[in-house]
There are 2 protein chains.
Amino acid sequence: MKASVHNHDEALKDLRAKMPDDKLLCDLGDLFKVFGDTTRIKILYSLFEFELCVCAIAELLCMTQSAISHQLKVLKTAKLVKSRREGRTIVYSLADDHVRSIIGQGYEHLTEE
Amino acid sequence: MKASVHNHDEALKDLRAKMPDDKLLCDLGDLFKVFGDTTRIKILYSLFEFELCVCAIAELLCMTQSAISHQLKVLKTAKLVKSRREGRTIVYSLADDHVRSIIGQGYEHLTEE
DNA sequence: GTATCATATGAACAGATATTCATATGAAAG
DNA sequence: CTTTCATATGAATATCTGTTCATATGATAC
């Protein structure tokens with residue numbers, strides 16, 4: 001695992017102490033992985049203003065109900081969306097404002113200069 | 001592509017007009033995909049305070065120089081890190097503050113309640 | 001009850017991706 | 001100019017992931 005000869009032990013000793021634990025970093029990666037798919041980004045974006053039922057999202061994005069349902073499950077597991085039954089349809093909405101913030105930051109990074 | 005019988009054309013007509021174009025949504029997904037890997041998150045985190053050379057990161061994360069180099073290329077292509085030559089080592093640092101903001105928002109989402 | 005509508009789910013397959021290994025590049029030291 | 005050090009890169013592989021297809025669940029209407 002020794003990748004080099006030159007020494008940075010002093011710098012690394014300090015850094016190692018400050019690094020968050022593996023579990024957290026792993027969870028962070030997993031969270032962003034959820035944002036890292038065009039379909040899921042589109043679903044989240046479509047829920048920015050209104051809540052929508054599954055088939056509305058499917059129709060909007062021109063995709064299969066099954067595909068949307070699978071992705072909604074991923075989003076729900078990550079607590080990015082929540083759902084509510086209304087008769088026989090199930091209505092999804094954003095879970096909280098972090099979704100908007102995170103996407104907003106990403107948007108800024110992309111559009112800036 | 002018709003996924004249902006019940007009608008939401010009025011709601012969708014409005015929404016369709018407001019959706020950002022596909023290219024942007026795709027780019028957003030691609031950006032978050034870069035954050036969606038534990039190794040890359042660790043690399044970014046290790047650069048939060050100091051700049052580091054490739055072999056320092058490899059040593060810190062107990063990974064191959066090659067693996068780190070490959071991931072640094074991904075991060076650089078996404079403009080999340082920048083590099084500078086210094087003698088025969090190459091020193092990497094965060095490209096801008098969006099990285100910290102985005103990771104910070106993710107962290108909040110995870111640790112909240 | 002039975003039929004229909006809305007959604008969920010499991011298995012399977014195709015495409016994407018992270019690491020490894022071997023090697024190439026490129027700078028400094030001797 | 002040869003050697004060594006630091007990094008980059010290409011190909012190969014094993015793993016992961018998103019969609020599809022078929023089907024199950026669960027609620028309403030008749």
Side-chain angles (χ1 to χ4, degrees), chain A residues 1-8 11-12 25-26 29-44 47 51-78 81-93, chain B residues 1-8 11-12 25-26 29-44 47 51-78 81-93:
Chain A
M1 220 53 78
K2 186 80 176 177
S4 78
V5 166
H6 85 235
N7 194 302
H8 14 56
L12 291 192
L25 294 168
C26 205
D30 288 343
L31 174 63
F32 287 118
K33 204 171 287 176
V34 178
F35 285 93
D37 174 77
T38 308
T39 299
R40 288 192 292 265
I41 287 281
K42 286 180 182 174
I43 293 176
L44 292 174
L47 296 174
E51 51 182 19
L52 290 172
C53 65
V54 180
C55 63
I57 300 174
E59 198 179 330
L60 174 68
L61 304 185
C62 302
M63 290 184 67
T64 304
Q65 173 270 321
S66 178
I68 299 299
S69 193
H70 276 297
Q71 297 302 354
L72 281 169
K73 183 170 192 179
V74 175
L75 290 169
K76 197 174 180 184
T77 302
V81 304
K82 58 188 176 193
S83 65
R84 174 186 106 240
R85 182 174 280 280
E86 190 170 279
R88 52 185 159 189
T89 83
I90 293 187
V91 181
Y92 281 84
S93 55
Chain B
M1 222 51 82
K2 186 83 174 176
S4 78
V5 166
H6 85 235
N7 194 301
H8 14 56
L12 290 193
L25 294 168
C26 205
D30 287 344
L31 174 62
F32 287 118
K33 204 169 289 177
V34 178
F35 284 93
D37 175 78
T38 308
T39 300
R40 288 192 293 264
I41 287 281
K42 286 180 182 174
I43 293 176
L44 291 174
L47 296 174
E51 52 181 21
L52 290 172
C53 64
V54 180
C55 63
I57 300 175
E59 197 178 333
L60 175 66
L61 305 185
C62 301
M63 291 183 66
T64 304
Q65 173 271 321
S66 178
I68 298 299
S69 194
H70 277 295
Q71 298 301 355
L72 280 169
K73 184 171 191 178
V74 174
L75 290 169
K76 196 172 180 185
T77 301
V81 303
K82 59 190 176 192
S83 65
R84 176 186 103 240
R85 181 175 280 283
E86 190 171 280
R88 50 185 159 187
T89 84
I90 294 185
V91 181
Y92 282 84
S93 54

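Values below: all heavy atoms of this structure, side chains included; hydrogens, waters and symmetry mates excluded. In what follows, every chain begins at residue 1, and chains take the letters A, B, ... in the order their sequences are listed.
Contact annotation for B/Ser66: base contact, defined as any heavy-atom pair under 4.0 Å involving a base atom. Within 4.0 Å (heavy atoms only), B/Ser69 reaches at least one base atom of the nucleic acid.
A tilted orientation is assigned to the rings of B/Phe35 and A/Phe32, their planes being inclined by 30° to 60°.
Between the CD1 atom of B/Ile68 and the C1' atom of C/dC21 there is a distance of 16 Å, rounded to whole Å. Per the geometry, CG belonging to A/Asn7 stands 14 Å off P belonging to D/dC5, to the nearest Å. Distance CD1 (B/Ile43) to P (C/dA18): 11 Å, rounded to an integer number of Å. Here the P atom of nucleotide C/dA6 and the CE atom of A/Met63 are 19 Å apart, to the nearest Å. The CD1-P distance, from B/Ile57 to D/dA8, rounds to 10 Å in whole Å. If you measure from atom CZ of A/Arg85 to atom C1' of C/dA8, you get 10 Å, rounded to the nearest angstrom. Regarding B/Leu72, its CG atom lies at a distance of 10 Å from the P atom of D/dT7, rounded to whole Å. The CG atom of A/Leu61 sits 10 Å away from the P atom of D/dT19 (whole-angstrom rounding).
Residue B/Arg88 places its side chain closer to C/dA27 than to any other of D/dA8, D/dT19, C/dA27. The nucleotide whose nearest atom lies closest to any side-chain atom of A/Gln71 is, among C/dT4, D/dG18, D/dA6, D/dG18. Of the candidate nucleotides C/dG26, C/dG10, C/dA8, C/dA8 has the atom nearest to the side chain of A/Gln65.
Between the side chain of A/Arg40 and the main chain of A/Lys33, a donor-acceptor pair closer than 3.5 Å is present.
Here B/Lys73 does not reach the OP1 or OP2 of D/dA8: none of its side-chain N or O atoms lies under 4.0 Å away. For D/dA6, neither phosphate oxygen OP1 nor OP2 lies less than 4.0 angstrom from any side-chain nitrogen or oxygen of B/Tyr92. The side chain of B/His6 contributes an N or O atom lying less than 4.0 Å from OP1 or OP2 of C/dA6. Dashed line: the shortest gap from a side-chain N or O of B/Thr64 to OP1 or OP2 of C/dC21 is not under 4.0 Å. Phosphate proximity of D/dT19 to A/His70: absent, as no side-chain N or O sits under 4.0 Å from OP1 or OP2. Of the side-chain N and O atoms in B/Arg40, one or more sit less than 4.0 angstrom from OP1 or OP2 of C/dA18.
Annotation: the span from A/Glu86 atom CD to A/Glu51 atom CD amounts to 6.5 Å, rounded to 0.5 Å. Annotation: the span from B/Cys53 atom SG to B/Leu72 atom CG amounts to 10.5 Å, rounded to 0.5 Å.
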Pair A/Leu47-A/Ile57, side chain to side chain contact (heavy atoms under 4.5 Å, CB included): steps then yes or no: CA-CA 9 Å; A/Leu47 296 174; A/Ile57 300 174; 4.3 Å; yes

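With DNA chain D read from its 5' end, the first of the two nearest nucleotides for A/Val74 and B/Ser83 is the one closest to B/Ser83.
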